[in-house]
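Input: one structure, supplied below.
In this text the structure is predicted, and so the values were computed from the model without any measurement.
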Number of protein chains: 4
Amino acid sequence: MPGRRSAPDASRRSERSRLAILTAAFELAGKVGYARLSIEGIAARAGVGKQTIYRWWPSKGAVLFDAFLLRAEAIGPHPLPDTGNLERDLKKVLRAAVIELNDPRYDEPLRALNTEILHDPELAAAYADRLEGPVRESRKARLRKAQRVGQLPENLDLDIAVELLWGPLTSRWLQRSGPLTTKYADLLVRTALDGLRGKAPAKMRA
Amino acid sequence: MPGRRSAPDASRRSERSRLAILTAAFELAGKVGYARLSIEGIAARAGVGKQTIYRWWPSKGAVLFDAFLLRAEAIGPHPLPDTGNLERDLKKVLRAAVIELNDPRYDEPLRALNTEILHDPELAAAYADRLEGPVRESRKARLRKAQRVGQLPENLDLDIAVELLWGPLTSRWLQRSGPLTTKYADLLVRTALDGLRGKAPAKMRA
Amino acid sequence: MPGRRSAPDASRRSERSRLAILTAAFELAGKVGYARLSIEGIAARAGVGKQTIYRWWPSKGAVLFDAFLLRAEAIGPHPLPDTGNLERDLKKVLRAAVIELNDPRYDEPLRALNTEILHDPELAAAYADRLEGPVRESRKARLRKAQRVGQLPENLDLDIAVELLWGPLTSRWLQRSGPLTTKYADLLVRTALDGLRGKAPAKMRA
Amino acid sequence: MPGRRSAPDASRRSERSRLAILTAAFELAGKVGYARLSIEGIAARAGVGKQTIYRWWPSKGAVLFDAFLLRAEAIGPHPLPDTGNLERDLKKVLRAAVIELNDPRYDEPLRALNTEILHDPELAAAYADRLEGPVRESRKARLRKAQRVGQLPENLDLDIAVELLWGPLTSRWLQRSGPLTTKYADLLVRTALDGLRGKAPAKMRA
DNA sequence: ACGTAAGCGAGACGGTACGTCATGTCTTATA
DNA sequence: TATAAGACATGACGTACCGTCTCGCTTACGT
């Protein structure tokens, strides 16, 4: 959880209020959108005093962050499928991501969180560390397995690899620079795996 | 420019005020950051009445958008270099992008604009059409040339290709999911060109 | 009116809002009492933004003060009766005061104003100057007439005289140190006129 | 002490805390003024939990009241001087009062207490009974002595007499309707004793 | 050339939300 | 069981901006 200003006694903290706040924040973000997401609104929906939010979180973004963290913890780790067919597995995961990002209940809160991250480096670090980190590890784990069975080169930088697969999706989603379809997901995976120069140099250079 | 509410007489519009507003918006965004960027602040810095802003732009994001448009028009088209060496040319361009994104005078206003885009589909469409569009076309043009000389396969989807190269950079910048260095730019270009599976299929599949 | 912080343009001031605020302040004070009299409440009852109050008045007390001033101006000057019989005239006026102070619609707002005066010397000065001042002048005028017709000594200090008549009433009202009855008013007038040593020195000093 | 809500076991009450609270209340009132006098502040300065205050006192005013009571009891009864010269004795006492009311260490707490009395009839009754009462009795005692030696008429209402002497002073102090000087005290005593019509009936009624 | 209608700088307005403070109630642990 | 400590729901504080409005002023057009 991002930094606190003073030092309230966490042992007396009301778990009830904490959960109500995080749930309200997530739901409100999905309901009214980022622009109308206010701390007053969260407090009201959670049936909580504003001070209880200000006591435990330094910013609206931090609340949202914890709301996502709560969901992530509730869901638990997300290993990527491994059927032995890397391309198919990756397509499956990216297609799922595309579907999720098209669902307003996830899209809106996630946009709200990303808005905050955009302007709060501390929050961004927390995000990278505690929310994106584990997901990225799962992705890298799948790619590492592919390396072990010789489907990917040993010297491939897995962080770059992950970004090459998911980065285009993320930026297209954030900037709405194009439609998010399963077809797009498929094409992305295929192109990332093969590279722009393509997998069949023999034909190309012929 | 996104839609207007009423229909003021554009022929009487004060060019002086327009430029002052757009300049003030851009500079203020770089100076105080998105959170403190207000229409009142822009009006004050531009020496302009608030109504003059509300008369001509539907939102803060639209002002920011026009501020970027003004700059883009001032600079003119940006063809990518073509030395014949695609990889080197792309690295050069991505390194330049990395450097620009590390400069707070561009970073902050661009983040501000992206924040607005994140929550305003209309603005996102305008952005895709009038700001990102021409840039993307330049990029595609360079790739198309590479196709013509056989450095890239004919059937390569150029939009995907552009996103594969710049998408990871954009998302890393927006989410601060990693450092933006020239080395990163180089590695990104190389990996995108070769694909995750690498450029030497002979060895890999051996 | 007590001092202002900045310098808003009074020529653009909304008379409608001003009256609504002053009326609401007076009525609210009478309705909910001083403890629950809030600027938010006044603004809400007046159908006005809080800032409109903060723009024109430096404090809750100043609003209340102006509310009384408005009433005082609406009512106009209050000459004391002069039937030739000083004692009877004074009794009449003090009895009226007693009755007014027993009416919650005047009692509560006046207590609220006095509370603010109690802790705000600037407001107290404004009160003494613009609200109590004219009233005191009316009282002194009546006493001066009595002096002219020989009913009161020429060298009587009229300010002291006024305070001797109304001070006990005021302090009894403010501190609730005793019941406010017309009988009390009568006795007060009589005793003040005659003095503690009484009107019949002949017997006393005998 | 004004009424309590529940019935805590007074035998277990901490005398240490009680004194700390009353001392802190009085000192804080003198230091920060009524507006900033808070129960939280008193508790903090007394090194006491808030609940300890709420347990034993129904309101901030009640605490302040007890703080004054504590001081009054520490000082003990205050008989007025009796040199045989009533006027001189009264002037001495009123001059002392004037001096006290000009001392911020007494002025501020006393204003704070009066503020609470202004809006709390129960507290006002307690004040009249236990703080002002004894003082008033001392005053009446002195006047009664004067009656016995023929300096004041037998039928003089001593309560009215006391109010005629101290009421003007009190109201001038509370409302700051004029300067509180020893000269004022003297003039007040003299005028109250002689009455507005003055001490020389011979000339007047001539 | 001159009225008139528009855009303009200015800023008051009714609102919403901010982040802080104090209220009075409650719970916990210490003694 | 009273206490010190302090979290809690509540609600007011005074401030910052929102987007709308109205005011005089200037500026250019159409008669």
Side-chain angles (χ1 to χ4, degrees), chain A residues 5-14 16-17 35-41 43-44 46-56 58-60, chain B residues 5 8-14 16-18 20 36-44 46-56 58-60, chain C residues 5-14 16-18 20 35-44 46-56 58-60, chain D residues 5 8-14 16-17 36-41 43-44 46-56 58-60:
Chain A
R5 304 200 173 170
S6 65
D9 182 348
S11 73
R12 296 229 185 293
R13 182 168 186 182
S14 161
R16 192 178 189 288
S17 295
R36 286 180 224 277
L37 180 63
S38 67
I39 291 201
E40 295 217 328
V48 137
K50 279 198 293 177
Q51 199 59 46
T52 301
I53 298 183
Y54 285 109
R55 179 153 40 230
W56 299 109
S59 69
K60 194 167 62 180
Chain B
R5 306 203 170 167
D9 180 349
S11 73
R12 288 188 178 240
R13 182 169 186 182
S14 161
R16 193 179 187 285
S17 294
R18 188 183 143 259
R36 287 180 225 279
L37 181 64
S38 66
I39 291 200
E40 297 217 329
I42 294 169
V48 138
K50 282 198 295 175
Q51 197 56 41
T52 301
I53 298 183
Y54 285 107
R55 179 154 38 231
W56 299 108
S59 69
K60 192 167 64 180
Chain C
R5 300 191 178 180
S6 63
D9 182 348
S11 73
R12 296 231 184 292
R13 183 167 187 181
S14 161
R16 194 179 188 284
S17 295
R18 188 182 142 259
R36 286 180 223 277
L37 180 63
S38 66
I39 291 201
E40 294 216 331
I42 295 169
V48 137
K50 279 199 292 177
Q51 200 57 47
T52 301
I53 299 183
Y54 286 110
R55 182 157 33 235
W56 300 110
S59 68
K60 194 166 63 181
Chain D
R5 300 188 177 181
D9 181 348
S11 71
R12 293 199 173 228
R13 182 168 187 182
S14 161
R16 192 179 188 285
S17 295
R36 287 180 224 280
L37 181 64
S38 67
I39 292 200
E40 297 217 329
V48 137
K50 280 198 297 176
Q51 196 56 41
T52 303
I53 299 182
Y54 284 109
R55 180 153 39 232
W56 300 110
S59 70
K60 193 165 64 181

Notebook entry, point to check: How many Å lie between CG on Leu37(D) and P on dT23(E), as a whole number?
Noted result: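 Leu37(D) atom CG is separated from dT23(E) atom P by 8 Å.
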Checklist line | Rounded distance (Å) that lies between atom P of dG11(E) and atom OH of Tyr54(B) | finding: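 Value for this atom pair: 16 Å.
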Check: To the side chain of Ile39(D), which of dA9(F), dG24(E), dG19(F) is closest?
Finding: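 Nearest to the side chain of Ile39(D) among the choices is dG24(E).
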Next item on the list: Taking only the side-chain heavy atoms of Glu40(A) (C-beta and beyond), determine which of dG14(E), dA17(E), dA12(F) contains the nearest atom.
Entry: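 Among dG14(E), dA17(E), dA12(F), the one nearest the side chain of Glu40(A) is dA17(E).
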Margin query: Expressed as a whole number of angstroms, how long is the span from Arg13(C):CZ to dC21(F):C1'?
Written below: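 For the pair Arg13(C) CZ and dC21(F) C1', the rounded distance is 18 Å.
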Checklist line | Under 4.0 angstrom between Trp56(C) side-chain N/O and dG11(E) OP1 or OP2 | finding: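 No, because none of the side-chain N or O atoms of Trp56(C) sits under 4.0 Å from OP1 or OP2 of dG11(E).
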Next item on the list: With DNA chain E as reference, determine whether Val48(C) or Ser14(B) sits nearer its 5' end, using the nearest nucleotide of each.
Entry: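 On the 5' side of the pair lies Ser14(B).
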Notebook entry, point to check: Any donor-acceptor pair under 3.5 Å between the side chain of Arg12(A) and the base of dT28(E)?
Noted result: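 When only heavy-atom distances are counted, Arg12(A) does reach the base of dT28(E) through a donor-acceptor pair under 3.5 Å.
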Next item on the list: For Gly41(D), answer base if it contacts any base atom (sugar-phosphate contacts may also be present), sugar-phosphate if it contacts only those atoms, and nothing otherwise; contact means non-hydrogen atoms under 4.0 Å.
Entry: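 Nothing, no nucleic acid heavy atom in range.
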Note to self: With a 3.5 Å cut-off and heavy atoms only, can you find an N or O donor on one side and an acceptor on the other between the side chain of Gln51(A) and the base of dC21(E)?
What the structure shows: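 It does, because a donor-acceptor pair links the side chain of Gln51(A) to the base of dC21(E) below 3.5 Å.
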Note to self: Taking the six-membered ring of Trp56(B) as reference, does the cationic atom of Arg18(B) (NZ for Lys, CZ for Arg) lie under 6.0 Å from its centre and within 45° of its axis?
What the structure shows: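 Ring-cation test returns no.
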Item checked: Gap between atoms CZ and C1', on Arg16(C) and dA12(E) respectively (whole Å) ->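 Checked: the CZ to C1' distance equals 14 Å.
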Checklist line | Phosphate OP1/OP2 of dG14(E) contacted by Thr52(C) side-chain N/O (<4.0 Å) | finding: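 Yes, within the criterion.
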Checklist line | d(CZ, Arg36(B); P, dC17(F)) in whole Å | finding: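 Rounded to whole Å, this separation is 9 Å.
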Next item on the list: Among dC8(E), dA7(F), dC17(F), find the nucleotide with the atom closest to the side chain of Arg55(A).
Entry: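 Of the candidates, dA7(F) comes closest.
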Check: What about Lys50(C), does its side chain sit under 3.5 Å from the base of dG14(E) through a donor-acceptor pair?
Finding: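 Answer no: no donor N or O sits under 3.5 Å from an acceptor.
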Note to self: In whole Å, I'd like the distance from the CG atom of Asp9(A) to the C1' atom of dT28(E).
What the structure shows: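 The distance from CG of Asp9(A) to C1' of dT28(E) comes to 9 Å, rounded to the nearest Å.
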Next item on the list: Could you work out which one of dT23(E), dA7(F), dA17(E) sits closest to the side chain of Lys60(D)?
Entry: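 Per side-chain heavy atoms of Lys60(D), the pick is dT23(E).
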Notebook entry, point to check: Distance check: side-chain N/O of Ser17(A) vs OP1/OP2 of dA9(F), anything under 4.0 Å?
Noted result: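 So the side chain of Ser17(A) is within the cut-off, an N or O lying under 4.0 Å from OP1 or OP2 of dA9(F).
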